Engineer: 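Let me give you the structure first, and then I'll get to my questions.
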Amino acid sequence: MELKLTRRRFGQLALASTTVAAVGVVLDKTLAQSNTSTLILGIRSGIANNNTPTNLDSNTTDLGDASQTNDPSALQPIIVESFNVSTQEIKTVLTTPPILETCEQLSGFVSINGKLIAAASNICARKKKDKKVRLIDLNSLETVSISGLKNKENVYQLLRLTDGSLAGLVIKEKGRGSSRIVTIDLNTGQITDRSKIPEQKRVTAVAECPDGSFYGIDTDKVGEISLFQIGQEQSKKLKSQGKALNNGCDGLVCTSSNELFALVGFRYESPQHVDKINKDNGEMETIKGFNVAKITLA
C-alpha cells in the first residue's frame with residue numbers, strides 16, 4: 001500500500017503511533033475471548049453519528065450530500081467497537097489517531113486477513129477527478145485509492161468473500177442505475193467486476209454465506225427494506241414487531257452458521273440496532289442498539 005501523509009497529518013500520527021500499537025493488543029484479546037460466539041465489529045468516526053437516513057432518493061441525505069460532515073475544520077479519528085451477540089456487550093477496541101479527512105465519510109468496513117480495513121469516500125467533491133474513495137488500514141494507517149469506479153459510482157459496502165478475497169458493493173449516486181459487486185485488490189485498489197444486480201433492485205447491503213448463497217437488502221423509495229437471494233427474483237419485506245423498517249440498511253453479515261444480521265433502524269430514531277433476520281418469513285429480531293456507521297464480522 002502507498003502511505004499518503006500531509007505534513008500536518010504526519011505530525012499527528014507520529015505523536016499517536018504508540019497508541020495504535022497498544023490498542024491493537026486490546027483488539028487481539030477481544031477477538032480471542034470471543035472465538036466461541038458471534039462477534040460483530042462496527043466502525044464510526046470520532047464524532048457523534050448523526051444517523052442520517054440512508055434512502056437513496058434526492059429528498060434525503062446520501063453519500064453525495066456534504067451535510068453529513070459534522071466538523072469540516074479538522075481530521076477525525078476512526079473508532080472500532082465490538083458487539084458480542086451472545087452477551088450483548090459492546091466494547092471500544094480501537095481508536096486511531098486523526099485520519100479521516102474533511103468531507104470524507106465512512107462507506108465501508110471489513111475484517112480481512114488479520115486486518116481491519118475502512119473505506120472513506122469524499123462526499124463534497126463536484127468534479128469526477130476529485131471524487132476519490134480510499135481504503136485505510138486501521139492498524140498501519142496506510143491508504144490506497146480505489147480505481148476503476150465509473151462516473152457517479154461510489155463504494156457503499158466492503159465485504160470478505162468465502163474465498164478470502166475482498167469485495168465491495170458499488171452503487172450509483174442516489175441509487176439510480178444498476179448496482180454491482182466487485183472484487184478489490186487490497187494492494188493496488190483496482191476493482192474487477194464480479195456480478196451485476198438487476199436494475200430494479202436498489203441494493204444497499206450484501207453478504208455471502210458460507211454455503212455460497214449471496215443475500216442482498218433491497219431498499220425502496222421510502223426506505224423500506226426487503227431481503228432477497230441474489231440470482232432469485234422473490235424477496236421478503238423485512239419487519240420488526242410487525243412494523244416495516246423504513247430507514248434503509250447500513251450493513252449485512254452472515255455468520256458461520258448461515259445466520260443473517262443487519263444494521264437497521266426506524267426513521268428519526270437513534271441509535272440504529274443490530275437485528276437477526278429470519279430468512280423464511282422476513283421477521284427481524286432486535287438484538288441491541290449499536291451506534292455505528294458500518295459493520296463486519298470479526
Side-chain angles (χ1 to χ4, degrees), residues 1-21 23-24 41-52 54 61-81 92 94-110 115-149 151-158 166 168-171 173 184-191 250-251 291-296:
M1 285 188 181
E2 179 185 357
L3 181 60
K4 300 176 181 178
L5 296 177
T6 63
R7 182 177 300 176
R8 175 189 178 194
R9 196 193 307 164
F10 178 81
Q12 290 173 315
L13 301 189
L15 290 172
S17 59
T18 55
T19 302
V20 174
V23 177
L41 300 178
I43 191 173
R44 61 182 176 86
S45 65
I47 45 184
N49 184 11
N50 61 9
N51 289 295
T52 307
T54 54
T61 304
D62 61 23
L63 287 177
D65 190 329
S67 66
Q68 292 197 50
T69 304
N70 293 269
D71 184 354
S73 63
L75 299 177
Q76 297 292 337
I78 296 173
I79 297 172
V80 176
E81 295 181 337
T92 297
L94 189 151
T95 301
T96 73
I99 184 71
L100 200 63
E101 296 180 350
T102 300
C103 285
E104 280 189 324
Q105 182 185 66
L106 294 169
S107 58
F109 179 44
V110 68
K115 298 180 179 181
L116 296 179
I117 305 295
S121 301
N122 187 310
I123 61 174
C124 296
R126 299 302 176 188
K127 296 181 180 179
K128 180 180 177 181
K129 66 181 180 64
D130 297 326
K131 292 187 176 182
K132 297 179 180 179
V133 183
R134 61 181 180 134
L135 300 176
I136 307 172
D137 184 321
L138 298 184
N139 286 102
S140 69
L141 301 183
E142 294 179 339
T143 73
V144 61
S145 295
I146 291 180
S147 57
L149 293 174
N151 189 34
K152 295 185 178 180
E153 280 189 334
N154 213 325
V155 173
Y156 208 74
Q157 183 188 353
L158 297 178
L166 175 64
L169 174 64
V170 174
I171 65 175
E173 292 177 4
I184 306 173
D185 187 310
L186 191 54
N187 295 312
T188 66
Q190 181 65 43
I191 66 174
D250 282 318
N291 192 26
V292 294
K294 297 290 179 179
I295 59 173
T296 185

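Numbering starts at 1 and runs along the sequence shown. Note that the structure is a prediction, hence the values are computed from the model and not measured.
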Engineer: What is the minimum heavy-atom distance between Leu106 and Arg44, and which atoms define it?
Structural biologist: CD1-C, 3.5 Å
Engineer: Measuring from Glu81:CD to Thr95:OG1, what's the distance to the nearest 0.5 Å?
Structural biologist: 8.5 Å
Engineer: Taking Leu138's backbone N and O only, do any of them form a donor-acceptor pair with Lys115's side chain (distance below 3.5 Å, no angle check)?
Structural biologist: no
Engineer: With the side chain counted from C-beta on, respond yes when Gln157 and Val155 share a heavy-atom pair under 4.5 Å apart, and no when they do not.
Structural biologist: no
Engineer: Supply the atom-to-atom distance Asn139 CG to Leu94 CG, rounded to the nearest 0.5 angstrom.
Structural biologist: 5.5 Å
Engineer: What is the distance from atom OG of Ser121 to atom CG of Leu149, rounded to the nearest 0.5 Å?
Structural biologist: 8.5 Å
Engineer: Hey, is the main chain of Ile78 close enough, under 3.5 Å, to the side chain of Thr96 for a donor-acceptor pair?
Structural biologist: yes
Engineer: Side chains of Lys294 and Asp250: closer than 4.5 Å at any heavy-atom pair?
Structural biologist: yes
Engineer: In Å, rounded to the nearest 0.5 Å, how long is the span from OG of Ser45 to CD of Gln105?
Structural biologist: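 Rounded to the nearest 0.5 Å, the OG-CD separation comes out at 9.0 Å.
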Engineer: How about Val110 and Leu166: do any of their side-chain heavy atoms sit closer than 4.5 Å?
Structural biologist: yes
Engineer: Treating Ser140 as the side-chain partner and Glu142 as the backbone partner, does any N or O pair qualify as donor plus acceptor under 3.5 Å?
Structural biologist: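 It does hold such a pair.
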Engineer: Going by heavy atoms in the side chains, are Ile43 and Ile79 under 4.5 Å from each other?
Structural biologist: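 Counting from C-beta outward, Ile43 and Ile79 never come under 4.5 Å.
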Engineer: The test is side-chain contact (heavy atoms from CB on, under 4.5 Å); show your working for Val170 and Asn154 and say whether it passes.
Structural biologist: CA-CA 6 Å; Val170 174; Asn154 213 325; over 6 Å; no
Engineer: So which atom in Val133 and which in Ala119 form the shortest heavy-atom distance, rounded to 0.1 Å?
Structural biologist: CG1-CB, 4.3 Å
Engineer: Between CD of Glu104 and CZ of Arg134, what distance do you get to the nearest 0.5 Å?
Structural biologist: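 Glu104 atom CD to Arg134 atom CZ measures 4.0 Å (nearest 0.5 Å).
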Engineer: Going by heavy atoms in the side chains, are Leu158 and Ile117 under 4.5 Å from each other?
Structural biologist: yes
Engineer: Hey, are the side chains of Val292 and Leu41 touching, using non-hydrogen atoms and a 4.5 Å cut-off?
Structural biologist: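 With C-beta onward as the side chain, the pair stays apart.
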Engineer: CD1 of Ile146 to CD1 of Ile184: how many Å apart, nearest 0.5 Å?
Structural biologist: 4.5 Å
Engineer: So which atom in Gly148 and which in Gln190 form the shortest heavy-atom distance, rounded to 0.1 Å?
Structural biologist: CA-NE2, 4.2 Å
Engineer: Search all heavy atoms of Val144 against all heavy atoms of Leu186 and return the closest pair with its distance.
Structural biologist: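 In terms of heavy atoms, the two residues are closest at CG1-O, 3.8 Å.
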